[in-house]
Structure formats: structure tokens, C-alpha cells
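Let me begin by presenting the structure, written as C-alpha cells, before commenting on it.
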Amino acid sequence: MIRGENLRQGKLAGKTPDLHTTDILEIILNSAYEGVTVVDKNGIIVEFNDAYSRFISVDKKDAIGRPVSEVIDNTNLHHTVKTGISERGVIQYIQGQPMVVHRIPLWKEGVLVGAVGMLIFEGVTELYRIYERFLEKTAQTGKINSQKLVENTKVSNSTLDRIIGTSDAIANLKRMTRKVAKTEATVLISGESGTGKEMFAHSIHDLSHYTQGPFISVNCGAIPDHLFESELFGYEEGAFTGAKKGGKPGKLELAESGTIFLDEIGEMPQMMQTKLLRVLQEKVFERVGGIKPIQLKARVVAATNRNLKEMVQSGTFREDLYYRINVIELAIPPLRKRSEDIPILIAHFLTDICKKYEMAEKEITENAISSLMNYEWYGNIRELANIIEKVVILTDGNVIDSHHLPNYIKGQHFSSIPSLSPINQLKEEDDNKEKEIIIQAMKDSGGNKSKAADRLGIHRTTLYKKLKKHGLQ
Ligand SMILES: Nc1ncnc2c1ncn2[C@@H]1O[C@H](COP(=O)(O)OP(=O)(O)OP(=O)(O)O)[C@@H](O)[C@H]1O
Ligand SMILES: [Mg+2]
């Protein structure tokens, strides 16, 4: 097997390595079960292994040096070197046979240098054979029946499928999500703002046994301390001045048979942390002012963009609660750590946004993609989606090039130039300037706080705090 990782890092397409490494690579390539072909920037074949040669009956020496589109039927590799978008597990008809292929762009220091094509199975019939063997095996052990498998495939339109990304990190997270969704384990989703924590929380709900019930979200960062308890547990009539007649159910009660999503759990006041811990341990709670015990019958998923471990060390987050909610952790890496997902996310947002505004689909140049791949994205996918939306609206023609991108994105490179994204600018500005920027963002978004936070590339909770700080609420 050839590791895509090495290929993605351009190790094959780079300068000539020493003889020893070349030999090893040659052996790996030619003993691989998969057909492997590598093309350069212009779609010209530079590597072609024995498996590929056998499959399409073209000699290696006849393939190397020729445009890939002339050698392999229905290939898309000459487009992969233009779009930078990786495709995994797609069907391609080669010599009339449906084949499963991967197409992986090769990036080197932010520049697209080529692409690798891999034929994964010897035709999709191989897949069916594997599937049949799997069915036979599971029928024997009685662990899964085929009916259940069909049921499982039915939920394929879950939120999980809307999470875009072909990086190993995303593939692993999706795999873990599918696994943990079926269990009762409390899951903690961690990751910077805008990395997709809420999408993963929804995915767990969609794929769990609680999917028929509601998905109730609690933003722990947006609830004033004194209202927290009644928000979460509800209250009985007459519990306090201003309490509604007949009382009110809390979020935990509303989530019965469904999922309770405790978002921004790091913002939960200490008093509430203690109360929540009790509920998670005893699976029972009471409304404020009530005595009747209510069973907790909801799946609990929590999320945080703070480092809870550090908060435990500094004494601001209860250690016992941390271990209680962190049975399984889904840690979503920031976008800058999985920049190979950027091209496909760009393609996805381009299509989405052009559809939303009913415009003809715009194209994006390789240079622009390269700049976007080198930007640090502290606002992660939310920031990327916002930038693409802005650029789509502001670009007159049909092609988006790097000069259409905001100045702070153009030409920025990972380590050399410090990030100038709005989130960082805000950090550096003095208080008055910060206030001004926030007022402007609120004006621009018609007073909508979520939109204003998006514009600023900061999280809503951070915006709430800043509004409070500047007396703007
Ligand atoms: N992998 C992805 N594919 C497609 N869209 C994504 C992906 N990840 C995030 N998004 C989109 O980015 C935005 C932010 O995602 P989400 O709200 O799930 O992030 P979050 O981690 O909960 O952010 P926050 O910490 O700010 O609450 C949403 O509009 C979501 O649809
Ligand atoms: Mg969120």
C-alpha cells in the first residue's frame, strides 16, 4: 500500500531522492495491489505502476510522458491538478468496467504540483464480493442481520454526510461518530470556534437511538448565571417572583427521549457544574421549587472551544464533571491543521452560495485556492464560508482570482507573516477601536448578533461578552 500522506506531501513528485529511497518507492509502487499513477502539473504521467499497466494493458514506457487523458479512460486527474480537490471512492468507468478510484492532489509548499490516481479495487464487483463475505460472516455470528444493514444505510442523509472533508482527521472523526452514536456514552466535542462541533453533535443525534426524540441545544455561554438553573431544570409555579403560572419545563425535561446538547460547557458557572454533575450521576433532577423527581432520559453531548483540561488545572472547571462528560472525546482539529480539506470546502461553498443567490456557478483559480490554503483560518470553516460568500458577491466576472481575495488573505504564508484576520485585529486594537468595530458590525448585520459575530470572525459568546464590556447591550 502507498500512503496517501507521503504522496500528498509531494514526496514522490519532489526532487530526485537518493537512490536507496527511489528503489524502495519503486518496489512499493510495483508490488501494490492498487493501480497507481502520478501526473505532473500539466496532467502528464510521471509514474505508472505495474498493476495499472496490467489492468489497462498499456506498457509503462508507453504511458509515462503522455497526457493522462490519452491513456486512462474517463480520468479526471488532469482536472484534479487544476482544482486541487481530492476525490475518494468515486466510480470511474475504465474499459467499460466500473472501478473505484481515488484522486489526490499533490501540494508542495502551497503549490499544486501534480496528482495521484489510485485504482482501489479490481472493479466494483470486488466490492460486492467483500460485501457478500461480510454478510455471510455476520449472518453466521448473528451479530448483524442484513435487514439492520439496510436500516443503517437508510440514515445516509444524516448531518454527518453534510460534513465535508477528505482529510484523515475528518474520516476518523466520522468513523468515531458512527461508533459512539450507537452507545449511551456521554461525548465531549472539542475544537476551536467554527470547526463544526454543532454539526458533529447533530450527527450523533441523527445516528443514535434517540433520533426520534428532539435535539435540544443549550448555549451555556449565553445564559445569565441567575437564570441557569431554571433554564436547565425548569421551575414550578410560584418558584420565584415572575415565575409563570403552571411552571415551565427546563431543557433537560424537553430533551426527553432525545439529545441534550450542552454547548460551550466551559462557560457553565461553578454552581451549575456541581448541580449538573449530580444529575449526570443520579440520572434524576427536580424543577426549581419542585420536589417531584424527574428521570433524565436524554442522551448528553457537550461541546467546548476552551481547553477544559487547563480549566480543571486552574480550578475553574470541576475535575469530576470533566471526567463525567469526557467519556469519549471527539477533538476536531482546526482547519489550518487539515488544509487538504480547503479545496473541497471551497467547491462546496461556491456551489451553495451561487445557488443561494441564483447566479451562474463561479470558478476559482488555482492561485486563489493556494492563497486560501495558506491562510490560518482562526474562524475555521465558518470564516471560510463567510469569505467565499463575500468574494462571490463582490466578484463581477465568473472567475475568482487571488486579487479578489481580501488583502489579509492574499499571499499570507503559515509561519512567516502574522495573521491579520479580523479576530486577531480585534485582539490587537485598543478598547475604543474594538468598540467602534463592534458597533459597525452590529449596524452592518441589522442588529443580528450571530451575523455580527460571523462578520467579526469571533464566536457569539465572545461577542456577547464584548457587548457587555462596552455597555452595548
Ligand atoms: N466540515 C464541514 N463541512 C461543511 N460545513 C461545515 C463543516 N464544518 C463546519 N461547517 C459549517 O461551518 C459553520 C460552523 O459550524 P458549527 O456551528 O458546527 O461549528 P462550531 O464548532 O459549533 O462553532 P462555534 O464554536 O462557533 O459554536 C456552520 O455553518 C457549519 O454548517
Ligand atoms: Mg457551536
Side-chain angles (χ1 to χ4, degrees), residues 85-86 88 157-178 187-206 215-223 259-268 301-308 329-353 355-356 372-373 377-390 392 421-423 426 445 448-466:
I85 296 173
S86 68
R88 284 173 193 262
N157 224 350
S158 73
T159 313
L160 200 66
D161 296 313
R162 292 193 285 109
I163 296 178
I164 311 287
T166 47
S167 59
D168 291 347
I170 289 294
N172 284 335
L173 282 168
K174 286 189 169 188
R175 216 170 293 133
M176 262 177 95
T177 303
R178 280 200 188 87
V187 180
L188 176 67
I189 306 169
S190 61
E192 287 180 12
S193 186
T195 43
K197 296 186 292 296
E198 184 147 356
M199 287 190 96
F200 275 98
H202 262 290
S203 307
I204 293 174
H205 174 71
D206 291 350
F215 178 88
I216 303 286
S217 181
V218 181
N219 185 344
C220 304
I223 305 174
T259 303
I260 178 97
F261 176 45
L262 302 170
D263 203 0
E264 311 294 331
I265 197 155
E267 310 297 324
M268 186 177 271
V301 176
T304 181
N305 57 12
R306 313 255 314 248
N307 186 331
L308 285 191
E329 182 173 357
L330 292 183
I332 312 177
L335 192 53
R336 64 188 164 280
K337 295 253 169 74
R338 49 183 167 101
S339 53
E340 71 254 47
D341 284 341
I342 292 177
I344 196 165
L345 280 163
I346 296 173
H348 166 76
F349 292 130
L350 267 184
T351 311
D352 242 36
I353 292 159
K355 225 184 254 165
K356 177 172 147 193
L372 292 165
M373 285 183 81
W377 302 113
Y378 281 103
N380 291 293
I381 296 149
R382 180 181 293 112
E383 190 185 2
L384 174 65
N386 285 346
I387 292 291
I388 300 292
E389 178 155 8
K390 240 177 253 172
V392 163
S421 75
I423 197 172
L426 261 185
S445 40
N448 182 322
K449 288 177 190 153
S450 297
K451 279 196 188 143
D454 276 358
R455 264 164 205 265
L456 293 165
I458 60 177
H459 188 260
R460 289 181 309 280
T461 321
T462 318
L463 178 64
Y464 288 130
K465 284 188 190 140
K466 288 188 187 289

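First listed ligand is number 1; within each ligand, the first listed atom is number 1.
- Where the criterion is an N or O separation shorter than 3.5 Å, residue side chain and backbone included, Asp263 fails it with respect to ligand 1.
- Among protein heavy atoms, atom 17 (O) of ligand 1 sits closest to Arg382 NH2, 3.4 Å.
- Every atom of ligand 1 with a heavy atom of Arg162 under 4.0 Å away is listed here by number and element: 3 (N), 4 (C).
- Lys174 NZ: more than 12 foreign heavy atoms inside a 6.0 Å radius.
- Protein heavy atoms are found inside the 4.0 Å sphere centred on atom 15 (O) of ligand 1.
- Those atoms of ligand 1 with a heavy atom of Ile164 less than 4.0 angstrom away are 1 (N), 2 (C), 3 (N), 4 (C).
- On a distance-only criterion, Arg338 and ligand 1 share no N/O pair closer than 3.5 Å.
- Counting the atoms of ligand 1 from 1 in the order shown, those under 4.0 Å from a heavy atom of Met199 are 5 (N), 6 (C), 7 (C), 8 (N), 9 (C), 10 (N), 18 (O), 30 (C), 31 (O).
- Under the 4.5 Å side-chain criterion, counting only non-hydrogen atoms from C-beta, Tyr378 is in contact with Arg336.
- In this structure, atom 22 (O) of ligand 1 lies nearest to the protein heavy atom Glu198 N, 3.1 Å.
- Counting only heavy atoms from C-beta outward, the side chains of His205 and Val301 never approach each other to under 4.5 Å.
- When non-hydrogen atoms are compared, ligand 1 lies under 4.0 Å from the side chain of Leu345 (C-beta onward) but not from its backbone.
- With contacts defined as side-chain heavy-atom distances shorter than 4.5 Å, the pair Lys356/Glu389 qualifies.
- Polar contact check, Gly196 against ligand 1: a nitrogen or oxygen pair lies under 3.5 Å apart.
- With respect to Lys337 and Glu192, no salt bridge is recorded, no charged nitrogen being found less than 4.0 Å from a carboxylate O.
- Between the side chains of Ser203 and Thr177, no donor N or O sits under 3.5 Å from an acceptor N or O.
- At least one heavy atom of Gly194 lies less than 4.0 angstrom from ligand 1.
- Between Leu384 and Ile346, some side-chain heavy-atom pair lies under the 4.5 Å cut-off.
- Remark: Arg382 does not engage Glu198 in a salt bridge, criterion side-chain N to carboxylate O under 4.0 Å.
- Among all non-hydrogen protein atoms, the one lying nearest atom 8 (N) of ligand 1 is Ile381 CD1, 3.3 Å.
- The shortest contact between atom 25 (O) of ligand 1 and any protein heavy atom is with Lys197 NZ, 2.6 Å.
- The shortest side-chain heavy-atom distance between Ile204 and Leu330 falls under the 4.5 Å cut-off.
- In terms of protein heavy atoms, atom 24 (P) of ligand 1 is closest to His459 CD2, 3.3 Å.
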